[in-house]
Amino acid sequence: MTTDGTHHHPGLPDVPIHSVDLSEAEAFFRQHAAENPHAPDPEVRFSEALVEFGRRGTFSHTSEELEFGAQVAWRNANRCIGRLYWRSLIVRDRRTVRSADGVAAECVEHLRVATNGGRIRPVLTLFAPDQPGRPAPRLRNTQLIRYAGYQGMDTVVGDPAQTEFTRWVEGLGWSGKGTDFDVLPLAIETLEDGVRLFDIPGDAVLEVPLVHPELPWFADLDLKWHAVPAISSMPLRIGGITYPTAPFNGWYMGTEIGSRNLVDTDRYDRMTQVGRLLGLDVDNERSLWRDRVLVEINRAVLHSFDAAGVKIADHHHESEMFMRFVGKEERAGRVPHAEWSWVVPPLSSTTSPVYHRYYDDSTELPGFLPSTGWTPPVNEDVPAECPHHART
């Protein structure tokens, strides 16, 4: 029983993005009761939801339902290698916060709670869903923390993946320092105020300067990365209702920074520079210079985070933990869904146990809905990115 149009996602069930699906709600109440002995009777709970829906055209989940739903959404996140820890997700229910100022303040507090002095905690902050005739606040950012990208004539200063977004917020009045690591503002859109920009206070953004345990010159590259990967553009679908603004984070796996962010050609693209500084023959692919560069950059990332006391995972340990998750899911009678190309580490893949099997890559609900990434707004309409590890 979908009350409005349905959006189709490849590999997902037909998911109504801004509508209420009562059949989905009924199935969720049953799942909640089956996995939680103290949950309300699902028949009673569904009857309550029906009454509320008849009166308001929607219904509200309890905070307990939201906590369970968000944790299961992490458990179902088939692109995330870190799901062994799904029950540890801290869920912050902020459905009453609807102003741009309030949403910005809660996003900053999310970062502080998650950072935890470097002992990173998985956190999800959930804002209101759309109401009949009243769209909920939206975050335009793909992540709470992103570095600006400034497009020059031939080069980009900063993160090339963020050049369009940077240009857009500059058009709204924001101005960065023009460095490689300027933290972008939060762009929050509400029905009342349109888009407003909010700078993130420096004390809410923990960053780690990158140094190498044996190569002093590595520090001269002036590389660093932030500690909390907080995805903010994936709607969360729980029990028949979509929560379009639900930023969430886990902690980084080293290869996300050392094998992707810093070396991808459409990101910081430092592979060749580091190869030359290592004295490698970067013109001879058979020298395997790229492989050697990746190892040294990843060593620098792990060493730097450890030295700073900031939590980070390595791909060998996390692969073992993922296989433990797979085993627990199978013993619980559930199918461990995973998308192979996302859970297999981008470094030393064949040495990981994750590499040597295939997985059911279908997606279940509750779950995080795919994001198409940031696109510029059109005609001022409000448009509708693993809680643990996301490609960043």
Side-chain angles (χ1 to χ4, degrees), residues 6-17 21 23-36 39 42 61 64-91 93 122-126 129 229-251 253 318-319 321-344 354 357-372 384-391:
T6 296
H7 189 90
H8 298 275
H9 295 288
L12 274 175
D14 287 343
V15 177
I17 297 298
D21 189 311
S23 298
E24 224 180 275
E26 183 177 23
F28 172 73
F29 293 141
R30 293 184 184 279
Q31 181 182 14
H32 185 215
E35 296 192 38
N36 297 274
H61 290 116
E64 291 76 15
E65 289 166 350
L66 290 181
E67 180 177 56
F68 172 72
Q71 290 174 347
V72 172
W74 184 5
R75 189 176 79 193
N76 288 337
N78 65 353
R79 290 183 169 183
C80 178
I81 195 174
R83 286 175 276 162
L84 179 64
Y85 320 100
W86 64 274
R87 286 190 181 275
S88 68
L89 180 66
I90 299 168
V91 179
D93 181 359
V123 178
L124 182 144
T125 299
L126 183 145
I231 308 300
S232 55
S233 63
M234 294 182 73
L236 174 59
R237 184 76 177 179
I238 297 176
I241 293 178
T242 298
Y243 297 88
T245 304
F248 62 94
N249 72 274
W251 50 86
M253 189 161 72
E318 215 55 56
S319 296
M321 294 304 99
F322 180 74
M323 297 314 297
R324 186 179 297 182
F325 166 78
V326 168
K328 291 184 73 169
E329 289 298 287
E330 290 173 339
R331 288 192 296 274
R334 296 188 290 262
V335 176
H337 302 280
E339 196 168 326
W340 191 91
S341 64
W342 280 73
V343 298
V344 172
V354 178
R357 62 169 286 176
Y358 290 99
Y359 310 90
D360 182 331
D361 64 358
S362 59
T363 305
E364 294 189 344
L365 298 175
F368 295 95
L369 305 183
S371 168
T372 57
E385 212 180 34
C386 68
H388 187 73
H389 303 309
R391 278 195 182 157

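Note that the structure is predicted; figures quoted are calculated from it, not measured.
- Salt-bridge formation is not detected for the pair Arg83/Glu329: no Lys NZ or Arg NE/NH1/NH2 atom is positioned less than 4.0 Å from an Asp or Glu carboxylate oxygen.
- The main-chain N or O of Ala39 is never found under 3.5 Å from a side-chain atom of Asn36 such that the two would form a donor-acceptor pair.
- No more than 12 heavy atoms of other residues, nucleotides or ligands shown are found within 6.0 angstrom of CZ on Arg324.
- The closest donor-acceptor contact from the side chain of His337 to the backbone of Thr363 lies at 3.5 Å or more, if one exists at all.
- The aromatic rings of Phe68 and Phe28 sit tilted, their planes meeting at an angle between 30° and 60°.
- Distance check, rounded to the nearest 0.5 Å: CD of Glu67 to NE2 of His61 gives 14.0 Å.
- Side-chain contact check for Lys328 versus Leu84: some heavy-atom pair is nearer than 4.5 Å.
- Of the possible donor and acceptor atoms, none in the side chain of Glu339 sits under 3.5 Å from a partner among the backbone N and O of Asn78.
- Taking all atoms of both residues into account, the shortest heavy-atom contact from Leu89 to Leu124 is CD1-N, 3.9 Å.
- Atom CZ of Phe368 is separated from atom CH2 of Trp74 by 9.0 Å, given to the nearest 0.5 angstrom.
- Taking OG1 of Thr125 as the reference point, atom CG of Leu236 lies at 11.5 Å (rounded to 0.5 Å).
- Between Pro42 and His32, the closest side-chain pair of non-hydrogen atoms is not below 4.5 Å.
- In summary, Glu35 and Arg75 engage in a salt bridge, as defined by a charged side-chain N under 4.0 Å from a carboxylate O.
- For the pair Cys80 and Phe322, the tightest heavy-atom approach, listed with the atom from each and the gap, is O-CE1, 3.9 Å.
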Could you please spell out the steps behind the side chain to side chain contact (heavy atoms under 4.5 Å, CB included) verdict for Val326 and Arg357?
CA-CA 11 Å; Val326 168; Arg357 62 169 286 176; 3.4 Å; yes
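- Of all non-hydrogen atoms in Pro235 and Pro370, the two that sit nearest each other are CD-O, 4.3 Å.
- Under the rule for a side-chain contact (heavy atoms from CB on, under 4.5 Å), the partners of Glu64 that lie at least two apart in sequence or sit in another chain are Thr62.
- With Trp86 contributing its side chain and Ala70 its backbone, the two residues share no donor-acceptor pair below 3.5 Å.
- Val72 has its side chain within reach of Gln31: a pair of non-hydrogen atoms, C-beta onward, lies under 4.5 Å apart.
- How far CZ of Arg237 is from CG of Asn76: 14.0 Å, rounded to the nearest 0.5 Å.
- A heavy-atom distance below 4.5 Å is found between the side chains of Pro122 and Trp251.
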